[in-house]
Amino acid sequence: MPTSDPEGYAQGHFNRVYQYIIVPACKSAGFVPMRIDDPTVISSPPDVMKTIIDSDIAICDLSSNNAHALYGFTIRYAINLPVALIKDRKTKLMIDIKEFGAVEYDESLRIDTVQNEIETLSEVLKKTFANKVEINSLLNRLHIGSSTTATTSVAESIEQGDTIEKKESSLPIISPLPGFVGQPITQSEIDKLKVGDFLFHINYGKGEIITLNKMAKDKVAKVQFESGSKMLVLMTSGIWRTINS
């Protein structure tokens, strides 16, 4: 993704894209997010080519027709490695990527759009990685050799056999928010949640926590809503505190 602020974007815009959309989508899909320009996780000086190839899956944000992202995409695609494309809605790309199913996001990063974009990107990551053997790459088209794919880094499965339910198509946004809804829940508040507590989800409404489990650094809860029970990764699911539960 862009490593600086391109013309027409506010300062720090793509850092926010990374934190608000990419990080929670990766965690929800079971991957550990890592920016290729992050000195805390990449060796110094960074071996960009090695990182692009060694990653289990790559996300390339082509917004602003960013050359770095396009470079990473062409490498992954050419050697048949899983790659997911994203871009903001205002960018008119110089290449046709319709066949690659890029995920579009609203560059305003509004709260009522971000959660759906997180869920969409999470599903794309899981499906792309699961179908890595069938990727339609340049090697496959030319019938040249076979490529080597990286090993999985998917997080440990949830205890007791529970799985996170897939996103339903076109989930309605509950708006305006009911009077019993407080502020979006914070990490410190998530750490204090227990079975029997209530919370509010922007799509499902008010629900009661039935079970709580740890998944890596996140908590996964089974929540009973009026529409049924859902498995939620709490920090990435757009949940809110409730008042007078």
Side-chain angles (χ1 to χ4, degrees), residues 1-29 31-39 41-42 48 51-52 55 57-77 82-129 167-177 183-187 201-203 232-233 235-240:
M1 65 191 311
T3 56
S4 58
D5 300 315
E7 183 178 352
Y9 292 88
Q11 183 177 4
H13 173 79
F14 285 98
N15 288 332
R16 290 187 286 276
V17 171
Y18 179 69
Q19 293 295 338
Y20 297 170
I21 298 178
I22 295 175
V23 168
C26 287
K27 289 183 177 180
S28 179
F31 294 96
V32 177
M34 178 184 69
R35 278 187 70 162
I36 202 165
D37 60 332
D38 187 345
V41 291
I42 303 295
V48 175
T51 304
I52 291 174
S55 299
I57 189 166
I59 301 173
C60 299
D61 188 346
L62 302 180
S63 301
S64 76
N65 282 292
N66 179 254
H68 295 292
L70 185 59
Y71 172 71
F73 163 62
T74 54
I75 291 175
R76 298 281 300 189
Y77 181 70
V83 59
L85 301 182
I86 65 174
K87 77 172 194 69
D88 59 29
R89 290 196 175 98
K90 75 175 184 178
T91 297
K92 305 299 181 185
L93 293 175
M94 54 188 169
I95 60 172
D96 185 1
I97 60 169
K98 291 179 181 177
E99 68 174 289
F100 305 111
V103 175
E104 283 197 336
Y105 63 87
D106 187 340
E107 63 276 4
S108 70
L109 302 177
R110 286 172 33 176
I111 190 171
D112 59 342
T113 63
V114 163
Q115 181 57 34
N116 283 340
E117 290 155 358
I118 290 171
E119 294 177 357
T120 299
L121 179 56
S122 175
E123 288 300 313
V124 167
L125 291 173
K126 288 185 281 190
K127 290 177 181 177
T128 300
F129 189 80
K167 175 192 174 189
E168 293 95 337
S169 59
S170 63
L171 285 171
I173 302 278
I174 298 174
S175 179
L177 296 178
Q183 295 298 314
I185 201 162
T186 64
Q187 181 63 64
H201 190 278
I202 197 72
N203 300 117
L232 301 176
V233 180
M235 199 56 212
T236 65
S237 294
I239 59 173
W240 301 56

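Along the sequence shown, residues carry numbers from 1.
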Sequence neighbours left out, what passes side chain to side chain donor-acceptor pair (under 3.5 Å) with Y20? Give chain and number order.
none
Approximate separation, where rounding is to 0.5 Å, of N15 CG and T3 OG1:
10.0 Å
Please tell me if the side chains of E119 and S28 come closer than 4.5 Å, counting only heavy atoms from C-beta onward.
no
Minimum heavy-atom distance S64-T91, with the two atoms named
N-OG1, 3.0 Å
Can you name the closest pair of heavy atoms from N66 and P2 and give their distance?
ND2-CA, 3.5 Å
Any side-chain heavy-atom pair from I57 and L125 closer than 4.5 angstrom?
yes
Nearest-0.5 Å distance that lies between atom CD in Q11 and atom OG in S4:
11.0 Å
Please list, chain by chain and in numerical order, all residues satisfying side chain to side chain contact (heavy atoms under 4.5 Å, CB included) with Q19, sequence neighbours excluded.
V23
Ring pair (Phe, Tyr, Trp, His ring centres under 6.0 Å) partners for Y9, two or more places apart:
H13, F14
State, yes or no, whether a side-chain contact exists between S63 and E107 at a heavy-atom distance under 4.5 Å.
no
Any side-chain heavy-atom pair from R76 and P82 closer than 4.5 angstrom?
yes
With a 4.5 Å heavy-atom cut-off, do V114 and R16 have their side chains touching?
no
Under 3.5 Å side-chain donor-acceptor pair for T120 and Y105:
no
What I'd like to find out is whether the side chain of L70 reaches to under 4.5 Å of the side chain of N65, using heavy atoms alone.
no
Separation between CD1 of I118 and CD of E123, rounded to the nearest 0.5 Å
13.0 Å
Please give me the minimum heavy-atom distance between C26 and I59, naming the atom from each residue.
SG-CD1, 3.7 Å
Would K90 and D88 pass as an ion pair if we require N to O under 4.0 Å?
no
K27 and P33 have their tightest heavy-atom pair at CG-CD, 4.3 Å
Tell me the closest heavy-atom pair linking A10 and D5, and the distance in Å.
O-OD1, 3.6 Å
Would a 4.5 Å heavy-atom cut-off, applied to side chains only, mark V83 and I75 as touching?
no
Min side-chain heavy-atom separation I86-I22 under 4.5 Å:
yes
Do you know the tightest heavy-atom contact between L62 and L93?
O-CD2, 3.5 Å
Hey, does the side chain of T128 reach the backbone of V124 with a donor-acceptor pair shorter than 3.5 angstrom?
yes
Euclidean distance, T51 OG1 relative to R35 CZ, rounded to 0.5 Å
14.0 Å
